Structure formats: structure tokens, C-alpha cells
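Notes to accompany the following structure.
What's counted below: heavy atoms across the whole structure, side chains too, no hydrogens, waters or symmetry copies. Here is how names work: the chains are called A, B, and so on, in the same order as the sequence lines, proteins then strands, and each is numbered from 1. The structure displayed is predicted, hence computed values, not measured ones.
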Amino acid sequence: MFVVVPSASAAFRFGISVEGKERTCRSGIRGEGADKVDGYESVNDRGIGMIRLTAFDAEVANKVCGVLEPFLLSLAKSSKPITLRQCSQIHAKLILSQCISQTHLTNTLLNLYSKFGHFRHAHILFDHMPHRNVVTWTTLISSHLRTGSLPKAFELFNHMRETNESPNEYTFSVLLRACATPSLWEVGLQIHGLLVRSGLERDKFAGSSIVHMYFNSGNNLGDACRAFHDLLMKDLVAWNVMISGFAHVGDFIMVHRLFSEMWEVPGLKPDDSTFVSLLKCCSYLEQVKQIHGLASKFGAEADIVVGSALVDLYAKCGDVSSCRKVFDSMEEKDNFVWSSIISGYNMNDRGEEAVHFFKDMCRQRNRPDQHVLSSTLKACVELEDFNAGIQVHGQMIKTGYQNDCFVASVLLTLYASLGELVDVDKLFRRIVDKDIVAWNSMIMAHAQPGRGSGPSTKLLQELRRTTSLQIQAATLVVVLKSCENKLDLPVGRQIHSLVVKSSISHHTLIGNALVHMYSECGQVGDAFKAFIDIVRKDDGSWSSIIGTYKQNGMESEALELCKEMLADGITFTIYSLPLCISACSQLSIIQVGKQLHVFSIKSGYSRDVYVGSSIIDMYAKCGTMEESEKVFGEQVEPNEVIYNAVICGYAHHGKAQEAIDVFNKLEKNGLTPNHVTFLAVLSACSHSGYVEDTLYFITLMLNKYKIKPESEHYACLVDAFGRAGRLEEAYQIVQKDGGESAWRTLLSACRNHNNTEIGEKSAMRMIELNPSDHASYILLSNIYTGEGKWEEALKCREKMAKIDLKKDPGSSWLI
DNA sequence: ATAGGGTTAG
């Protein structure tokens, strides 16, 4: 007969004879520790020893049970997984030694089976147990709840009640813990009823579980407090449940009061869990430091959960160095800590280091979880480090988290920024439980500039039709942003009505997006109405409405609104400032422009590239190119936008050589010119009649920078050829690539060089492209006049009058 | 022998 004992030496101690040392190894699952005399631990670490009993009698069997009991217990406590084979062997020994009828031993075996997930065998043992008690039932119910099998747990619980076995405080604790979620609120209430009937309501275990349940199943603060009040014994856990409950709802005053009360209880000291809840209530750095100090005093600093909460909070308060200090001081690091440090560095604009932490963590052979992966990937997306992003994607496939909702939401954003929309769709469709944020990411991925509101609206409809998810303000903001011109106005209005009907209409972000949408669709009046409707106008709201007026040629009104904004207590931001400066340049109000320039220096915003470039542009447009050059020279780290502004300035001033010089400087500084840069330098060259240079830059653009010239770029070339009288070449280009402006340029060149033939063709084409543009009719009529063809000229003017067109009056500024 | 409280991500 075989029996399992902690070690051969332990068996000797219990008077069980052992037959041959090599026999002790026959189970194949023990290591060399069996012949050591140092007790049970060594066996748990190395495996299970096995000995052969020479004889069987009741006395020996009793001794065997005596050995088995502590052994089984130590196995149950061990963190090392126990295989099914090992469990079965123990099971066999229990049967053979007749210990199976000793319920407390069998309960422990049952615990072993179920703790390590061998549920089928656990149930076989359960079914064959001669005697069951409340522990038997509780063990099985608890392990089903641990693995998330709620129906099985409740089925067992009902079965237990049918057999007249009364649940005890242990049974109630595990069941109530499982009910601490909003969806199981009703079940929890029923169990509370049973608990009251059983008379265990005031037990510290069952009772604190009740308190916890009321907090977690829908913020029933009153019921939670009553249950806490009724407790016979308020121990540390009970206090912690209360503190964490109020911390969770953000009632920091109550947390503070509870903590002080607890402080007064003799013999009660806060522990790790208390500090974690207290940390949750911190809203600024000084508080974090205080709790940190207190936690150190009570020795809770070394706890891994306190540590990761500190890492997280220091990062959120912007104190990266303290965050790093805590992180470095932690001996043990789990996924919580890693994900906290990665997201912490990323939120403090140190994404590169965040990605480094991820690499460190992988190098140390930690297996990243979905939290770590999504934080890292977000850093990659924000850094636009797509190579790193794709590497992280590799890790996701390896770890099997590719289809996790959080992970996939960022992943599809990554592929959207790479323009891989097919992959985006694939990733999205694979997510099993799509939540609203996943939908938002998906809609955002498809709301790309130039695609209009079509794709995002289609997704919004699918979302509303196929799910019951609550639409967020962010969802509609994304759809509104995809409305980019008049064609999208009907969609924009529909979303607006959706907003009015929903509960999110008071959101400032939604209001701002509505203003922006009406602005993009050219509806200044509606934009203003939407602006008025915003309950709490922020700097974004003001920027949007000021931008609307400026965009639609109402610069004076835009500047008036600026004054109102300042009167409303909102100061300029890097968004509103360039708008106002640009309005000044449009209006040529250099005095106001100068004031804004001074403000931008004082506020430190002048370092922003958009502010800087708007100032450069403003001085250039107001005719003081020297000021413009000065501001350009003051730029600490000029980028393409800054260079573009100054090149544009030179172009406006007809200074082609200066424009070319700046362009060369840009290249020398390692920057890449974009299509705006080329437009600026090309227009400078063509305006000065530099035909060869114009051709050179068009070629450079195409060959070196692989930028496809748009019709505006070709218009410059047409202009250059036109000024030089090379009308045939100009005509060739316009025929191939010309848009409206190229035709217009060609037409006026024809007029200057008295070319009726090409001029007439150009004018016809222009009228075709835009029949409501008065300029084409006038240019054509002027050509006829120059040629002395009075009748044709008159016909042309009549045609214009017929479709009710008048020449816009000219305007000029005088200040 | 069976039990109650805490931290991270898009």
C-alpha cells in the first residue's frame, strides 16, 4: 500500500517503515529532498515523496492520517501548482488508507482539486464523499466563484440549501463578494435577506462583505453605512471597505472623517490597503507627498500596490523624478507598476523613455499584459514611431492580446495613421466585446481629412443600429469633425438634433464641435447660434467662433469677438492668438498686431510655431518686411511652418532672390520643404519673372521630394511662362494640369501679350469651370476691346449681366 | 479545512 508523506524522514518520525530508498522515488514526482530531515517545506518545494507501507492495520492508518493532514494543508497553502496526477495520487492514498471518511481531510483534497482548476475531479470526489459539511460546500462554491463560474456556484448554493446544510459566515462572504457588481444587485439583496435570517448579519466577515457589496453594486452609500454601523466588531478590513467605498465616489471629506475616526480606535493601525484608498483621494502633489510620508511611517511603502499607486500619482501630478524614485526603489515589479510607469512617462511627454521601459521590461523576461501593451502602443502612436508600434504589435500577437478591446482600440489607431484602413477594419471586426471607446477609435480612424462625413456617419448608424451602447460626447465630436464642407451640412444638422435630444448637449466639447462644423460648412449664423448655446464657454469655444468669422472674411467681427472674449475673462491661447494676429494682417491693422506680438512675448507663446509664423506673416502683409525678418531671426527652433511664413512674405514683396536664399537655408538646416513651401518659393520666382528658377523648383519638388505638384503649383509655372510671353508652353501646361487659377493666370497673360487666340480659349474654359466668376467675363471682354472687337466685347458684358454678375468693387486700406 | 478590503491601460 502506498501513501504520500512529506518526506521519508518524516515517515520515519511517524513510525511508518520505509522499504528501500529507491522505492521512495517511484512516483517520479519527488526530488532528492525526501531523505532530508527538515520537514514539510522541503517537500513542497521539491515534490511529493512516496513510501511503501509494509503492513496494514488500523493503527497505522490512523498514523497515516495524522501525517496526511499537515501535509495536505501545506500543499493547499503552497503557491506551486499541483497537477491532476498528483491530486489523483493523493486521492488514491486517501481511499486506501480509509482516510476518505475523515471529512476535514477530504475537504482539503477537494480544495486542492478545485484550487488548481481540476473541477471535473473535484465534482467526482464531491459526489462520492460519504459525509459533507458546510466547509465542503463552501470550498466548492468559493472555487467556482474564483474562476468566474457564477451559474455553477449558485447552482451549488441552491443545492446546498435543499440538503438543509446551513451556510455559515464563510459561505456568505464568498457569495456576497461575488455579488459586489451592479449587474448582480438583485441577487445580492436576496442573499442579504438570507444572511439576516441566519442571524449572521453582524459578523465581521459577512457584514463587511455586505458593506462592500452595497458600495460596489450601485453606490448604495446609505445601506453600506447602516451595515457598517451594525457590525459587532469593526476590524481593519471593515474600516478599509468604508474608506475605499467613499474614496471611490470621490467623497474625500468622508474619507478624511473615517480615517480620523479609525485613528482613534485603540489597536487599529492603517495598512497598505488604507493608504491606497487615501492616495485615491489626492488631487495635488503636496497631498501625495503627505500620504507617501505617512505610508513610509507605517511601513506600507514597500507594498507593491502602494508603490504602483504612488508611481501612478506622482506621474499624474507631473513629478516625474519622484515617480522614478519610487519605481526604482521597488524590488518586485508587476504589470501594474510597469504599466503605471509607461503611461506616466508618456503623459508627461516623455514617450521615448516610456517605450524604453517597455523594452527593459521585456528584456527582464516579464510578460506584458493588456494594460502595458496599450500604454506602450499609445506612446508609439503619439511619437509617430511606427516601427516601434509594429514591434509592439508583434508582442501582442505573441501574448494573444491582439483582440483585447483596449489593445485593439489603440492598435487600429496606429494602422489608421499609417493609412492602412483595410487592417483597421480587420482589427475592429475581431474585437469581441466592442465598447464605446473602441467605436470612437474606429470612427476616428475613418474620419480622415478629405473623406467627408460619409464613412464616419455610416459607422455611427451601425453603432446605433446594432448595439445598445451609450453614445458619448466624444463619439459625436468625431463625427462632427468629419463634416468639412457644405455637402456635409445635412449630416451636421442631423448630428446637431441628435445632440439636442441626448443628455450630452451641455458638454462644452460638443458645443465647440458644433460651432466648428457650421463654420466648415460655411454657416456663420448657425455657428454663432451654436456658440451662444454653449453653457460654459472655454478658450476652445472662443477660438472656434473667432476662427469662423475670420475664415469667412469677417475679420473685423473676429477682432470684436476677441475683445468680448477678454472681457469674459478668457485670455489668449496658442489657438486663438494666431487667429487674431492673422485677422490683423488681413485688415492691415499693424497697431493691434504689434500689441498682440508684445502679448505673445510676455506670455511666452511666441515660442509656439503657429504664433511665430502668424507674426512673421502679419508684419510681411502689413508691409514691414524688416520686422518680419527680425521675428524670423529670433526663432529658437524654426520648423517648416516658420520658414514657409517668411518665404511667403518675400513672395508677397516680390523678393525672389531672398525667398530662394531662405529656401536653401531651410534645406541646409535639415528640414523638408512641403507643398506650401514650394508654393511660396514658386510664386516668388514666377512673380519676378524667374522662369528658369520656377522650372528648377518644380523639378526639385517632383524628383527630390516626390511631392506631386497641384494645380496651384502649375499656376505659378503658367504665370512665369505667361510673363515671359511663352504663351504656347503655358497653354500646354494648363491643358494638362490646370485648375481654375491656372486658367485665370493664363488669361491675364494673354491680355498682357495681346494673344486673342489662346486668350479666348482660356476665357471659355474658365466660364465653363466657374460660370459665376465675373473675372473671366471681364478679362474676355477686355481682350476683345484691345483687339477692337467691340461687338464681341459687348456680347460678353451682356452675357454677364444676364446671369446677374457684377464686378466686385475694388478696395484698399488707409489707416 | 472554507471567508471580507487596495493599484494600471485605450
Side-chain angles (χ1 to χ4, degrees), chain A residues 69-70 72-73 76-77 102-112 114-115 133-143 145 167-177 180 200 203-213 215-216 231 235-245 247-248 271-280 300 303-313 315 334-344 346-347 368-379 381 401 404-414 431 435-438 440-441 444:
Chain A
E69 189 174 350
L72 273 171
L73 276 180
K77 276 183 197 144
Q102 302 210 13
T103 312
H104 66 285
L105 274 185
T106 318
N107 281 342
T108 311
L109 175 62
L110 185 71
N111 187 28
L112 276 185
S114 47
K115 187 177 162 192
N133 59 17
V134 58
V135 180
T136 320
W137 288 99
T138 308
T139 303
L140 208 53
I141 290 174
S142 147
S143 51
L145 289 174
N168 63 10
E169 63 273 33
Y170 290 74
T171 327
F172 280 116
S173 313
V174 289
L175 285 169
L176 288 165
R177 167 150 177 44
L200 292 165
D203 170 77
K204 66 175 175 182
F205 282 109
S208 59
S209 302
I210 285 285
V211 179
H212 179 241
M213 186 194 81
F215 273 122
N216 279 267
L231 283 177
D235 67 357
L236 181 59
V237 175
W239 283 99
N240 282 344
V241 171
M242 283 296 278
I243 292 176
S244 90
H248 189 74
D271 72 348
D272 321 331
S273 184
T274 325
F275 288 116
V276 172
S277 297
L278 290 180
L279 282 170
K280 232 182 175 168
D303 179 76
I304 193 164
V305 182
V306 174
S308 33
L310 281 170
V311 168
D312 177 53
L313 277 166
D334 63 0
N335 272 317
F336 274 102
V337 189
W338 284 111
S339 92
S340 301
I341 193 95
I342 291 170
S343 68
N346 189 43
M347 75 177 78
D369 69 355
Q370 63 271 50
H371 297 266
V372 173
L373 288 168
S374 52
S375 316
T376 312
L377 202 55
K378 192 187 177 206
V381 172
Y401 285 120
D404 173 86
C405 185
F406 273 65
V407 169
S409 305
V410 219
L411 196 54
L412 65 86
T413 309
L414 173 82
I431 306 173
D435 66 4
I436 189 67
V437 183
N440 293 350
S441 309
M444 182 112 73

Is any N or O donor-acceptor pair between the side chain of A:S173 and the base of B:dG4 shorter than 3.5 Å?
-> no
In whole angstroms, how far is the P atom of B:dA3 from the CG atom of A:N107?
-> 12 Å
Remember a base hit wins even if backbone is also touched, and classify A:D303 as base, sugar-phosphate or nothing at under 4.0 Å, heavy atoms.
-> base
Is a donor-acceptor contact shorter than 3.5 angstrom present between the side chain of A:D404 and the base of B:dG10?
-> no
Could you check how far CG of A:N133 sits from P of B:dA3, rounded to whole Å?
-> 14 Å
Kindly say whether, by distance alone, the side chain of A:D369 makes a donor-acceptor pair under 3.5 Å with the base of B:dA9?
-> no
Donor/acceptor link under 3.5 angstrom from A:D435 side chain onto base of B:dG10 = yes
Correct closest heavy-atom pair for A:V306 and A:D272 would be CG2-O, 3.6 Å
Determine whether any donor atom in the side chain of A:S374 lies under 3.5 Å from an acceptor atom in the base of B:dA9, or the reverse, and answer yes or no.
-> yes
Find the distance A:N111:CG to B:dT2:C1' and express it as a whole number of Å.
-> 7 Å
Contact class for A:H104 (heavy atom, under 4.0 Å): base, sugar-phosphate, or nothing?
-> base
Respond yes when some side-chain nitrogen or oxygen of A:K280 is under 4.0 Å from OP1 or OP2 of B:dT7, and no when none is.
-> yes
When we call it a touch if two heavy atoms are under 4.0 Å apart, what does A:A206 touch: a base, just sugar-phosphate, or nothing?
-> nothing
Atom pair distance, as rounded to whole Å: CZ in A:R177 and P in B:dG4 | 6 Å
Would you mind classifying the nucleic acid contact of A:V311 as base, sugar-phosphate or nothing, using non-hydrogen atoms under 4.0 angstrom?
-> nothing
Any N or O donor-acceptor pair linking the side chain of A:H371 to the base of B:dA9 at under 3.5 Å?
-> yes
Of all the choices, B:dG10, B:dA9, B:dA1, which nucleotide is nearest to the side chain of A:A438 once you look at every atom?
-> B:dG10
Under the 3.5 Å rule, do the base of B:dG6 and the side chain of A:D271 count as making a donor-acceptor pair?
-> no
From B:dT8, B:dT2, B:dG6, pick the nucleotide closest to the side chain of A:S340?
-> B:dT8
Can you tell me how far C1' of B:dA1 sits from CD of A:Q102, to the nearest Å?
-> 12 Å
State which residues pass side-chain contact (heavy atoms from CB on, under 4.5 Å) with A:D369; sequence neighbours excluded, sorted by chain then number.
-> A:N335, A:H371, A:V372, A:Y401
Nearest to side-chain heavy atoms of A:C405, which nucleotide of B:dT2, B:dG10, B:dG6 | B:dG10
Selection from B:dA1, B:dG6, B:dG10 that lies nearest to any side-chain heavy atom of A:T108 = B:dA1
Residue set satisfying side-chain contact (heavy atoms from CB on, under 4.5 Å) with A:A408, at least two apart, ordered chain then number -> A:I431
May I have the distance from A:M347 (atom CE) to B:dG10 (atom P), rounded to whole angstrom?
-> 7 Å
Interatomic distance where CG belongs to A:N440 and C1' belongs to B:dA9 [whole Å] | 16 Å
Heavy atoms under 4.0 Å, any strand shown: does A:D272 hit a base, just sugar-phosphate, or nothing?
-> base
With the side chain defined as heavy atoms from C-beta on, A:D235 is closest, among B:dG4, B:dA9, B:dG6, to B:dG4
Decide yes or no on side-chain hydrogen bond (donor to acceptor under 3.5 Å, both in side chains) for A:T136 and A:N133, but give the supporting numbers first.
-> CA-CA 5 Å; A:T136 320; A:N133 59 17; 2.9 Å; yes
Nucleotide nearest A:S142 when distance is taken to its side chain, options B:dT2, B:dG4, B:dT8 | B:dT2
Would you say the side chain of A:T139 and the base of B:dT2 hold a donor-acceptor pair, judged only by whether the two atoms sit under 3.5 Å apart?
-> no
Donor-acceptor pair under 3.5 Å, A:S209 side chain vs B:dG4 base = no
Do we see A:F406 stacking on the base of B:dG10, given a limit of 5.5 Å between centres and 30° between planes?
-> yes
Base, sugar-phosphate alone, or nothing: which one does A:V437 contact when heavy atoms must sit under 4.0 Å apart?
-> base
Tell whether A:S308 reaches the base of B:dT7 with its side chain through a donor-acceptor pair below 3.5 angstrom.
-> yes
